[in-house]
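Take a look at the structure set out below.
No experiment lies behind these values; they were computed from the predicted model shown. Numbers restart at 1 for each chain; the letters A, B, ... are given by sequence-line order, proteins then strands.
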Protein chains: 2
Amino acid sequence: MPRNRRISESTVRRLSIYYRLLSGLEKEGAPTVSSRELAEKEKLTPAQVRKDLSFFGSFGTRGLGYPVRELREKIARILGLNRTWNVAVVGAGNIGSALVSYKEFQKQGFLIKLIFDNDQRKIGSSHKGIPVSDVSHLADELKAHHIDIVVIAVPGPAAQGVAEEAVSAGVRAILNFAPVSLKIPASVSLRNENMSMELEQLSYFLVGGNG
Amino acid sequence: MPRNRRISESTVRRLSIYYRLLSGLEKEGAPTVSSRELAEKEKLTPAQVRKDLSFFGSFGTRGLGYPVRELREKIARILGLNRTWNVAVVGAGNIGSALVSYKEFQKQGFLIKLIFDNDQRKIGSSHKGIPVSDVSHLADELKAHHIDIVVIAVPGPAAQGVAEEAVSAGVRAILNFAPVSLKIPASVSLRNENMSMELEQLSYFLVGGNG
DNA sequence: CTTATTATGTGAATGCGTTCACAAGAACGT
DNA sequence: ACGTTCTTGTGAACGCATTCACATAATAAG
């Protein structure tokens, strides 16, 4: 059990995958699963799966595999999914609105508590029972509602300002949908979801990787 | 100029980043840019930038840097952004609708030509001038409209079926928003955009990487 | 024309994630 | 009980991306 070891980002990403897989297996009533079975479902190697899991201890049984329910619960604890998180969405445009309605988040314990916008026509209205607040009160509201994660869904030029407000309010995790690179302290965790970039990767593949 | 060389996925991802940066610099009228300047804007190393660009030739001038306009155009050709692509969105729910309204795609030359759904109440209506078609005619319509890229924005359980239809219609690139792992031939390029997973990564960071 | 400065391009070194390979352990049938 | 089969856990080998370091070259100033 190599504790104290730094876990690579790729390993954490795959933990999410294992979690989803294990949730499905648990519903099906499977008592155990082998690294080979997990690997086949996701086009990984069995060694990769075992190595990933071994970073957090050894919960497998040789000759049998891993206990589905226990492993899922263990990964939930590692990923912090055995609790709820308070989320705020900034930007009530197309993407922001879609995120608020996206039911997967609630299911996983990510509770959207606040929505912000700068459009007076939107402020005061509500999406799915969550009122749209004025973005000019961003920092105060984030603090008052103990928001853990801020989702930025505003136009590119506005994103950096929102990020800085969020950081100043003590937020330590940001999910950014704006197509810009945010400058924030290293102590804040940032993930970018840039859909144009994803399409560009596909485009590169389609033209065969050259010009 | 190390041609014939396989370009790593990370390099291609960064090309998208350089492209965005260069577009901005071009608007500002900057004639040239150094690897150091590019690196500083994105928290990369200058060596990384130079190595990435060197895979496609050497367009820099020692002592001066890279010509902004030429480099942007070169990267556009490499990524296949000097043309348009026909895109279809499957699923007219929250995410699908948001994508159709997302203006960045059109700007980059990704033209959404078709939207599909299985809900009779939605079929026939239109989003942003694009009519919603019946998903039961998926393959035929994809072929008829020469769709290059299919965006899957349907509930998890329906995603695999949609992917298979798309592949059977000759589609070679898929952007998947459904939280499942799609099984498709290796000859088809697939990118996953799983927003729950992004939040889970943030959650892992917030709990400090242990349970 | 010469010197100082800046910045590219790239082989070599480094670091890190993935895969290999195998010893060790557990279950199951005979 | 014993051998066969299955599967984990992990050190070692491997491969690939990143970083280093420097020769090379262009500009600018005096």
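- Annotation: salt bridge (Lys or Arg N to Asp or Glu O under 4.0 Å) contacts involving residues 59-71 of chain B, sequence neighbours excluded, comprise B/E26-B/R69, B/R69-B/E73.
- Applying a 4.0 Å cut-off to non-hydrogen atoms, none of the residues of residues 181-194 of chain A approaches DNA chain C.
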Between N or O atoms, less than 3.5 Å apart, protein on one side and nucleotides 11-13 of chain D on the other: list the pairs.
| from | atom 1 | to | atom 2 | distance (Å) |
| --- | --- | --- | --- | --- |
| D/dG11 | O6 | A/K51 | NZ | 3.3 |

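- Taking atom CG of A/L53 as the reference point, atom P of D/dT10 lies 12 Å away to the nearest angstrom.
- Phosphate proximity of D/dG9 to A/Y66: present, with a side-chain N or O under 4.0 Å from OP1 or OP2.
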The contact string for nucleotides 23-30 of chain C, one letter per nucleotide 5' to 3', using protein heavy atoms under 4.0 Å with B, S and - for base, sugar-phosphate only and none, comes out as BBBS----
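- Among C/dA21, C/dG17, D/dC22, the nucleotide with an atom closest to any side-chain atom of B/R50 is D/dC22.
- For the side chain to side chain donor-acceptor pair (under 3.5 Å) test, no residue two or more places apart in sequence or in another chain qualifies with A/T61.
- By the side chain to side chain donor-acceptor pair (under 3.5 Å) test, B/S133 is found to be paired with no residue, residues two or more places apart in sequence or in another chain being considered.
- At least one side-chain nitrogen or oxygen of B/T45 sits closer than 4.0 Å to the OP1 or OP2 atom of D/dT19.
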List the atom pairs, donor and acceptor, that lie under 3.5 Å between side-chain atoms in residues 108-116 of chain A and the rest of the protein, sequence neighbours left out.
none

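- Every residue two or more places apart in sequence or in another chain was checked for a salt bridge (Lys or Arg N to Asp or Glu O under 4.0 Å) with B/E164, and none qualifies.
- For the side-chain hydrogen bond (donor to acceptor under 3.5 Å, both in side chains) condition, the pairs that include at least one residue of residues 180-191 of chain A, sequence neighbours left out, are A/E9-A/R191, A/S181-B/E42, A/R191-B/E198.
- For C/dT18, the OP1/OP2 oxygens have a side-chain nitrogen or oxygen of A/R14 closer than 4.0 Å.
- For B/E104, the salt bridge (Lys or Arg N to Asp or Glu O under 4.0 Å) partners two or more places apart in sequence, or in a different chain, are B/K107.
- Candidate nucleotides C/dG9, D/dA21, C/dC20 were compared by shortest atom distance to the side chain of A/A47, and C/dC20 ranks first.
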What donor-acceptor contacts under 3.5 angstrom involve side-chain atoms of residues 170-178 of chain A, with partners at least two apart or in another chain?
| from | atom 1 | to | atom 2 | distance (Å) |
| --- | --- | --- | --- | --- |
| A/N176 | OD1 | A/A178 | N | 2.9 |
| A/N176 | ND2 | A/A178 | O | 3.1 |
| A/N176 | ND2 | A/V180 | O | 3.2 |
| A/N176 | ND2 | A/N192 | OD1 | 2.9 |

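- Contacts with DNA chain D (heavy atom under 4.0 Å) in residues 34-43 of chain A: A/S34, A/S35, A/R36, listed by number.
- Going from atom OG1 of B/T11 over to atom CZ of B/F56 covers 7.0 Å, rounded to the nearest 0.5 Å.
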